[in-house]
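Notes follow once the structure below has been shown.
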Number of protein chains: 2
Amino acid sequence: MSTSSPATIEDVARIAQVSIATVSRAIHTPEKVANSTRLKVNQAIAITGYTTNAMARSLRLGRSNMILVVAPDIGDPNFSNILVGLENEARAHGYGILIGHTQNDPQRGLEYLKFLNSNQAAGLILFTGILPFGHQSMTARLPPSVGVFEPVYNGGIPYVGVDDIEGARKAVDLLIAEGHRKIAFIGDSRTRLAYSRRRQGYDAGLDAAGVPAGERIILEGDGTIESGRLALEQLFMRDTLPSAFMCVNDQTAIGVMIGLGARGYDIPNDFSVTGFDDVPQASFMTPSLTTIRQPRTAIGKSAMALLFELLSDSEPTDTEILLRPDLIVRNSVSAPSRRFQKR
Amino acid sequence: MSTSSPATIEDVARIAQVSIATVSRAIHTPEKVANSTRLKVNQAIAITGYTTNAMARSLRLGRSNMILVVAPDIGDPNFSNILVGLENEARAHGYGILIGHTQNDPQRGLEYLKFLNSNQAAGLILFTGILPFGHQSMTARLPPSVGVFEPVYNGGIPYVGVDDIEGARKAVDLLIAEGHRKIAFIGDSRTRLAYSRRRQGYDAGLDAAGVPAGERIILEGDGTIESGRLALEQLFMRDTLPSAFMCVNDQTAIGVMIGLGARGYDIPNDFSVTGFDDVPQASFMTPSLTTIRQPRTAIGKSAMALLFELLSDSEPTDTEILLRPDLIVRNSVSAPSRRFQKR
DNA sequence: TCCCATGATGTAAACCTTTACATGGATCGT
DNA sequence: ACGATCCATGTAAAGGTTTACATCATGGGA
């Protein structure tokens, strides 16, 4: 029971008085073994406390039971909950997950590519829009892979995320419904493909509301708090201010809120603000931030499930799975201030 | 280069015109192989793009190059940054990290115990005060293990964290310096050992300031936002209110702040509040929360470094490594209100 | 000049599993 | 009653690596 080294299949075979082949079959293909034998084997397993040595198994099978999850930044507040979904689903399939952290350093990415090349992982989950393997990204032969949270540029890799267009549409529709027409979009068309889609949702909403393109205010940021504040400063230097700020993500929105607060404005009475993502901070801002929630755990679960579909070789059903985003109404949105209403 | 299956050590040997043993030596013990040979081998490696198959290596060596990190809740805001430190340090040693998520479910813990028993992980990092392996925890033979973030009850497992006593002392000293004497401690003596230590720091600080034990106000919570609010309500039902709330962690402090806000009080003018941990929300509260920072990335790095010391069999130098906590002064603390000063 | 120590390399076993193939007994149909 | 078929099980090879041991050449000391 508590011997010095873990029991092997041979120990089980000896006790059950069968061959190791039979033990292996009793475990993995029980229907191929007689009932009485299976019973003996199971008892022997219980006695020895046998667990199959995953390394030997992987070596023999030529594939491991690990899924590599690569993210540029593990510390990203969006990451941890997706990880929960990924882990749960993986474990349900008997797989473990391995964490890779590239910090956008191609050198580090390359090390994970080696990992993959030596068959250490059966599949790959990518938390980044660009393959993180530097110049080898083009030629790299990858195991079955799924992008999560944002589409992967390099093509051919299925993706699970939120419907960004619909989410943005929900935000803009709320603002329209409150009576806003001059809605600034503080976006980021460069770093993430998902962000361009949010812009599309914004445009679609204003199209539907009949706000001509000429009246739209578009600013470029890079999705950080600082860039939100900067974009705000730019706006104040122009003559036309919007009544509402629709931000490409919560970080940007937080920057805008900080900037407005510093200038002495009141949210939502002077200006309305919306974000996107529903990061944990969003509910702790003053006022709390109205935003679009990413169903993070569900995204992770769904992405991992898709990966297992790919692994089992059944044709992938969908190349893109978009989950429904939820509008989370809090306190950063109200009707436009009088200044705008009398216009 | 881009052949159908990954190159093996045999491919390298053939090209370098040496035996596979020599290749293995050239890689792992280069000093045992002639310079000229080493050169040939390295060239062959470059040509084939060989990466050593970690599964075969692990099988042969009887130990893997993976470290299992088990946490009850991966989503914990404290977790992700520690993970960054853990991952960086592990990778520097050529190890990968594997994530285990127990959700306090012994059944799940048991599955990870199997993992360990089948030698799938060379070491274990525990993010929880109790071994998560259910009733088998007592007898489980574990690989070298290190507790992180909070001490592991079951003993014998070294621990890396912050100096909770010193951290709490810094918070209480700040409050004393501001002129507070009636300082309530909202604690949690049950769920985490670390929390009891914070209580010790509180007592030590008040001892030093000459505040008699009889004047101290101690409440029990469980470290959640809700429990902070509840504790506050209890206090308001008594006749003596403190001038400051020292909370065992940020979550509790946030609960207290919300409760005080709901009752119409102003922080810090009416009451001062301190937290512990410096979770991301702390800086976004209104007012921002004065707290004690856990150097999370450093803790992770240090814990993993200690684990490698254990792995390399050199006697563990320290059974407990305590990092220095930093006082982060923000806006939730000021001198006591006049009500208390005129006492 | 011969022997031995030394250093470099090769041979082969071992790590633990899975599975193609072989074996042997039982069952069934004729 | 005999051959064919099927089912349960065993035998052995293979997967890629590391390393103890064997081998062989080289050079130095006597």
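Heavy atoms only: backbone and side chains are in, while hydrogens, waters and symmetry mates are out.
- The CG atom of B:Asn117 sits 16 Å away from the C1' atom of C:dC16 (whole-angstrom rounding).
- We find the CG-CG distance between B:Leu310 and B:Leu306 to be 5.5 Å, quoted to the nearest 0.5 Å.
- The NZ-P distance, from A:Lys40 to D:dT9, rounds to 8 Å in whole Å.
- Nearest heavy-atom pair, A:Val41 versus A:Ala26, reported as atom, atom and distance to 0.1 Å: CG1-CB, 3.7 Å.
- Contact between the side-chain N/O atoms of A:Thr37 and the OP1/OP2 oxygens of D:dA8 is not found at any separation under 4.0 Å.
- Following rounding to the nearest Å, A:Asp11 (CG) and C:dC16 (C1') show an atom-to-atom distance of 11 Å.
- Taking the six-membered ring for Trp and the full ring otherwise, A:Phe127 and A:Phe79 have centroids separated by under 6.0 Å.
- B:Leu61 comes within 4.0 angstrom of sugar-phosphate atoms only, judged by non-hydrogen atoms across all strands, and of no base.
- Across the protein-nucleic acid pair, A:Glu31 atom CD and D:dA8 atom P stand 10 Å apart, rounded to whole Å.
- Using a 4.0 Å cut-off, some side-chain N or O of A:Ser24 falls inside it from OP1 or OP2 of C:dT18.
- Note on ring orientation: taking the six-membered ring where Trp is involved, the planes of B:His93 and B:Phe308 are parallel (angle under 30°, cut-offs 30° and 60°).
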Produce the list of close N/O pairs, under 3.5 Å, pairing protein atoms with atoms of nucleotides 10-14 of chain D; give distances to one decimal.
from   : atom 1 : to      : atom 2 : distance (Å)
D:dG10 : OP2    : A:Ser19 : N      : 2.7
D:dG10 : OP2    : A:Ser19 : OG     : 2.9
D:dG10 : OP2    : A:Thr22 : OG1    : 2.6
D:dG10 : N7     : A:Arg25 : NH2    : 2.8
D:dG10 : O6     : A:Arg25 : NH1    : 3.2

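- Contacts of A:Thr52 with the nucleic acid, taken as non-hydrogen atoms under 4.0 Å apart, involve only primed sugar atoms and P, OP1 or OP2.
- What separates CG of B:Leu59 from P of D:dG16 is a distance of 12 Å, to the nearest Å.
- With rounding to whole Å, B:Ile9 atom CD1 is found 8 Å from D:dG16 atom C1'.
- Separating the CZ atom of A:Arg63 from the C1' atom of C:dT18 is a distance of 11 Å, rounded to the nearest angstrom.
- Within a 6.0 Å radius of NZ in A:Lys40, other residues, nucleotides and ligands contribute more than 12 heavy atoms.
- For the pair A:Thr48 (side chain) and A:Ile45 (backbone), a donor-acceptor distance under 3.5 Å is present.
- Considering CD1 of B:Ile67 and CD1 of A:Ile99, their distance stands at 14.5 Å, rounded to 0.5 Å.
- Listed for the A:Thr29 side chain is no donor-acceptor partner under 3.5 Å among the backbone atoms of A:Glu31.
- Checking side-chain atoms of B:Thr37 against main-chain N and O of B:Val33 turns up no donor-acceptor pair under 3.5 Å.
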Quick tally for nucleotides 22-27 of chain C: nucleotides whose base has a protein heavy atom under 4.0 Å get B, sugar-phosphate-only ones S, the rest -, giving ------
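- The CG atom of B:Asn65 sits 13 Å away from the P atom of D:dT17 (whole-angstrom rounding).
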